[in-house]
Amino acid sequence: MGSPSLFSEDQAAAASAAGAPPVSNALLRHLNPEQLAAVTLPAQPALILAGAGSGKTRVLTTRIAWLLQTGQVSPGGLLAVTFTNKAAKEMMARLTALLPLSVRGMWIGTFHGLCNRLLRAHWKQAGLPQSFQILDASDTVSAVKRVIKAMKLDEERFVPKQVSWFIAACKEEGKRPRDVEALDPHTRQLVTIYAAYEDQCQREGVVDFAELMLRSYELLRDNEALAAHYRQRFRHLLVDEFQDTNRLQYAWLKMLAPPGGGQGVFAVGDDDQSIYGFRGARVGNMSDFEREYRVQTIVKLEHNYRSYGNILDAANGLIARNSRRLGKNLRTEAGPGEPVRVHESVSDHAEAQWLIEEAQLLHRGGLARSEIAVLYRSNAQSRVLESALFNAGIPYRVYGGLRFFERAEVKHALAYLRLLENPHDDTSFLRVVNFPARGIGARSVEQLTDAARASGRSLHQSVGAVTGRAGANLAAFNHLILQLREQTKGLTLREIIKRMLDASGLLDFYRTDKDGQDRIENLEELVNAAEAFVTQEGFGKEAVALPVDELRPEGEEAIGADLLPDAETGEIVSPLAAFLNHASLEAGDNQAQAGSDAVQLMTVHSAKGLEFDAVFITGLEEGLFPHENSLSDADGLEEERRLMYVAITRARKRLYLSFSQTRLLHGQTRYNVKSRFFDELPDAALKWITPRTGFQGATSFTPRQAWQHGSSAGAGFQARKEPAPSKLIPKAVPSHGLTVGKAVFHNRFGEGVVVTLEGSGEDTRAEVNFGRHGRKWLALSVAKLTPID
DNA sequence: GACGAGAAGGTTTTT
DNA sequence: CCTTCTCGTC
């Protein structure tokens with residue numbers, strides 16, 4: 001590994017001066033020296049370590065704008081890739097604000113979006129049908145399920161969901177069935193399923209998310225001319241959230257811009273915010289990149305523009321406990337601000353109660369509810385909070401759960417639309433052939449599937465193989481689709497969808513359904529979404545007029561029609577096809593009421609990238625956060641710590657850390673020790689607001705100032721050491737002085753909580769939860785257990 | 001095919 | 001405890 005230099009301010013100034021011709025200062029004026037250094041780096045591999053709240057997106061977009069404005073690259077000559085549609089949209093929006101520019105047709109998008117684009121443009125070479133469909137996660141599981149059924153395997157041993165994970169994991173390692181090393185019989189069988197699943201997908205012309213990546217990787221790997229074309233074309237590649245890339249994504253990048261190829265590869269990431277290791281993200285890609293690309297320049301963005309000092313101290317102090325870091329420390333000029341408030345409660349219920357009162361105070365002090373976030377490690381924790389908020393009549397919004405395009409009714413509608421586009425789409429066919437019910441049962445579907453499989457034809461084509469009543473019903477279904485196809489020719493997208501909703505019987509079905517009202521609203525929303533898509537994306541007359549290669553880099557010759565991506569201009573695809581394409585890659589928002597002023601509830605994972613004035617991190621208990629399932633290895637714990645780091649750095653002004661002595665989980669009361677993270681946070685940044693004695697959701701004793709002045713309220717606080725845990729579950733106390741739920745101290749295991757008491761007299765034994773040391777059974781006659789408090 | 005009883009299982013998740 | 005899915009019945 002080399003030892004890349006760090007840019008100093010002088011170097012930064014020098015770099016911008018020595019770089020391309022001076023640019024209109026407006027673009028660079030508001031950048032700090034580190035940001036400026038990053039933005040104006042020469043065209044070479046570079047790694048930008050962008051801390052939380054350090055203006056990462058600004059650097060990325062300004063970099064693009066600068067490259068364009070200085071004429072170093074044309075819009076068609078750069079590729080910028082993100083993980084989420086949201087990030088891609090944000091980037092395009094900011095870019096348009098910086099430069100008078102049409103971002104349409106530029107290669108800015110998600111990994112999957114860009115792969116899709118490559119595959120649509122080169123479907124032949126990729127071995128796909130022109131109108132291949134994309135399976136979402138649940139489609140993938142159903143498809144795998146069908147394979148397992150067809151292979152007559154036990155669904156207990158081969159759980160479709162897990163098998164689909166296995167397949168995705170293989171693909172994300174770049175492995176086809178023949179590449180997977182199967183050492184045991186079970187894995188061998190999994191690989192057989194994988195192979196059969198591939199056959200089925202190929203037969204049906206569908207690809208799952210992982211396949212989008214793998215297939216386009218292979219496309220480039222196996223077509224030298226094509227790869228050369230794109231390498232020639234993309235002079236600059238920019239990658240967002242580099243720490244979240246998996247093996248395949250990194251390999252894909254290397255295919256587009258091999259080390260030493262002279263292209264600018266601008267990788268932005270934060271190893272401290274890598275929280276997706278469990279699904280294949282490889283932080284190691286950052287150091288691999290540094291090594292393989294012989295990165296000369298690492299720019300660290302450590303100036304934080306989001307949070308006050310105490311919050312950053314907490315974050316820095318915590319993350320410093322991790323080993324294997326690239327090393328970074330956030331700093332601010334905003335002053336210390338308030339201390340981080342720590343609160344202990346007796347139960348999860350009390351925690352919720354306290355939180356609500358606190359949130360009400362903030363709101364009354366002038367803070368918008370939407371500026372208050374309640375974070376938790378796992379979704380199960382939201383219930384108590386939700387019901388408390390609900391009972392208190394406080395508007396709230398829970399992230400997670402079903403997204404718009406994942407809703408059953410929307411997926412049904414999309415399936416009909418897909419059949420209009422392509423009647424041979426078996427996935428869609430199966431989804432709606434009997435929905436709404438039209439007398440085609442499982443038996444007939446099975447018959448039909450067998451016939452189709454035997455003849456190698458689509459379900460649509462095999463309808464004749466089923467006889468009797470069901471056969472007639474199937475024929476009627478086919479007729480319905482074909483007729484609708486005829487009738488909607490030439491109609492606007494809006495009209496097509498409305499017709500379909502009517503003719504399919506979907507609307508009628510939900511009208512009679514008892515809780516169908518919401519679903520009907522969603523279907524209406526689908527019509528609106530389509531309408532909005534047509535207008536936004538310009539799939540009207542205007543778009544057709546836009547030449548496909550408008551943005552082709554200067555001097556690049558046209559190289560044959562099938563080498564030119566259609567650039568989503570609408571020239572090749574119909575609005576319907578484009579909309580379906582859009583719908584399969586964009587899951588949409590997850591809930592309505594997005595606009596209303598509501599307290600935001602979400603997992604720490606979904607909070608990544610967001611920021612709020614006030615943040616509550618709840619359930620900070622051993623076993624929950626850090627989660628017990630991640631404690632088996634050091635890597636797991638480090639990822640939990642990064643997760644906590646992400647959580648802390650979401651807060652702008654006020655941060656609460658909260659834990660509870662008891663929590664109802666899986667129907668059982670659990671007695672937890674407070675999270676080890678409390679021991680790892682700098683005491684000076686914390687302020688314990690739990691009173692020594694009282695319990696039940698007591699609020700802070702500090703005289704509270706109005707929110708507007710809140711940010712400086714921390715000035716006079718005394719940072720006292722954590723108090724002894726307060727008195728807990730009131731119960732009769734036997735002679736040994738212990739009760740279930742009692743906090744105790746053991747010389748070897750440290751602080752713990754009594755979970756069970758058994759026996760009496762000399763024979764009394766206690767099970768104590770020592771958190772990181774696990775649960776221990778101790779004989780009270782032998783073990784020295786000191787009750788705390 | 002709709003409904004209800006009963007069992008299973010319950011970190012984190014975008015595309 | 002509570003949700004989700006499967007299976008059996010009418």
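FYI, side chains are in, hydrogens and waters are out, and symmetry mates aren't considered; it's all heavy atoms of this structure. Throughout, a chain's letter reflects where its sequence line sits, starting with A, and its residues are numbered from 1. Model, not experiment: these values are computed from the prediction.
To the nearest angstrom, P of B/dT14 lies 18 Å from CE of A/Met213. Whole-Å rounding puts the A/Asp244 CG to B/dT12 P distance at 17 Å. If you measure from atom CG of A/Leu585 to atom C1' of B/dT13, you get 16 Å, rounded to the nearest angstrom. Between the P atom of B/dT15 and the CZ atom of A/Arg117 lies a distance of 17 Å, rounded to the nearest Å. The separation between A/Phe83 atom CZ and B/dT15 atom P is 11 Å, rounded to whole Å. Atom CZ in A/Arg670 sits about 14 Å away from atom P in B/dG10, given to the nearest Å. In this entry the distance linking CD of A/Glu211 with C1' of B/dT15 reads 14 Å, nearest Å. In this structure, the CG atom of A/Leu624 is 16 Å from the P atom of B/dG10, given to the nearest Å.
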Can you give each donor-acceptor pair under 3.5 Å made by side-chain atoms of residues 135-144 of chain A, sequence neighbours left out, with the distance rounded to 0.1 Å?
from: A/Asp136; atom 1: OD1; to: A/Ser138; atom 2: N; distance (Å): 3.0
from: A/Asp136; atom 1: OD1; to: A/Ser138; atom 2: OG; distance (Å): 3.2
from: A/Asp136; atom 1: OD1; to: A/Asp139; atom 2: N; distance (Å): 2.8
from: A/Asp136; atom 1: OD1; to: A/Lys411; atom 2: NZ; distance (Å): 2.9
from: A/Asp136; atom 1: OD2; to: A/Lys411; atom 2: NZ; distance (Å): 2.6
from: A/Ser138; atom 1: OG; to: A/Lys411; atom 2: NZ; distance (Å): 2.8
from: A/Asp139; atom 1: OD1; to: A/Lys411; atom 2: NZ; distance (Å): 2.9
from: A/Asp139; atom 1: OD2; to: A/Asp136; atom 2: N; distance (Å): 3.1
from: A/Thr140; atom 1: OG1; to: A/Asp136; atom 2: O; distance (Å): 2.8
from: A/Ser142; atom 1: OG; to: A/Ser138; atom 2: O; distance (Å): 2.8

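Taking side-chain N and O atoms only, A/Asn434 has a distance below 4.0 Å to OP1 or OP2 of B/dG1. Residue A/Asn85 places none of its side-chain N or O atoms closer than 4.0 Å to OP1 or OP2 of B/dT14. OP1 and OP2 of B/dT15 both lie 4.0 Å or more from every side-chain N or O belonging to A/Asn116. OP1 or OP2 of B/dT15 lies within a sub-4.0 Å distance of a side-chain N or O belonging to A/Arg403. OP1 or OP2 of B/dT13 lies within a sub-4.0 Å distance of a side-chain N or O belonging to A/Thr603. OP1 or OP2 of B/dT12 has not a single side-chain nitrogen or oxygen of A/Ser606 nearer than 4.0 Å.
Between A/Gln162 and A/Glu406, the one whose closest nucleotide on DNA chain B sits nearer the 5' end is A/Gln162. Taking the nucleotide of DNA chain B with the nearest heavy atom to each of A/Phe509 and A/Asn629, the more 5' of the two is matched to A/Phe509.
Of the listed nucleotides (B/dT15, B/dG1, B/dT13), B/dG1 has the atom at the smallest distance from the side chain of A/Ala437. Comparing B/dT15, B/dT11, B/dT13 against the side chain of A/Glu640 picks out B/dT11 as the nearest. Across B/dT13, B/dG10, B/dT12, the shortest atom-to-atom separation from the side chain of A/Tyr276 is found for B/dT13.
The residue A/Phe111 sits apart from the nucleic acid: no heavy atom pair falls under 4.0 Å. Backbone-only engagement by A/Lys145 is indicated by non-hydrogen atom pairs under 4.0 Å involving sugar-phosphate atoms exclusively.
By the salt bridge (Lys or Arg N to Asp or Glu O under 4.0 Å) test, A/Arg176 pairs with A/Glu198, A/Glu211, A/Glu218, sequence neighbours left out.
Side-chain atoms of A/Arg469 and A/Asn473 form no donor-acceptor pair, as typed in the model, at a separation below 3.5 Å.
Here A/His112 does not count as stacked on B/dT15, because the ring centres are not under 5.5 angstrom apart with planes under 30°. The ring of A/Phe278 lies on top of the base of B/dT12, close enough and flat enough: under 5.5 Å between centres, under 30° between planes.
Look at A/Lys608 and A/Asp244 and you find a salt bridge, because one of the NZ, NE, NH1 or NH2 atoms lies within 4.0 Å of a carboxylate O, short of that distance. Using a 4.0 Å cut-off between charged side-chain N and carboxylate O, A/Lys56 and A/Asp240 make a salt bridge.
Taking a 6.0 Å sphere around CZ of A/Arg157, one finds it holds 12 or fewer heavy atoms contributed by other residues, nucleotides or ligands.
A cation-pi arrangement, defined by a distance under 6.0 Å to the six-membered ring centre and an angle within 45 degrees of its axis, is present between A/Arg397 and A/Tyr399.
Comparing C/dT3 with B/dT14, their C1' atoms are spaced 24 Å from each other, to the whole Å. B/dT11 sits 14 Å from C/dT4 when the P atoms are compared, rounded to a whole Å. Taking the C1' atoms as reference points, C/dC5 lies 22 Å from B/dT12, given to the whole Å.
Taking the syn range as angles within 90° of 0, the glycosidic angle of B/dT11 is syn.
Between A/Tyr194 and A/Phe166, the ring-plane angle classifies as perpendicular under the 30° and 60° cut-offs. A/Phe435 and A/Tyr510 have tilted rings, their planes meeting at an angle from 30° to 60° on a 0 to 90° scale.
In summary, contact between chain A and DNA chain C, defined as any nucleotide atom under 4.0 Å from a heavy atom of the protein, begins and ends at C/dC1 to C/dT6 in the 5' to 3' direction.
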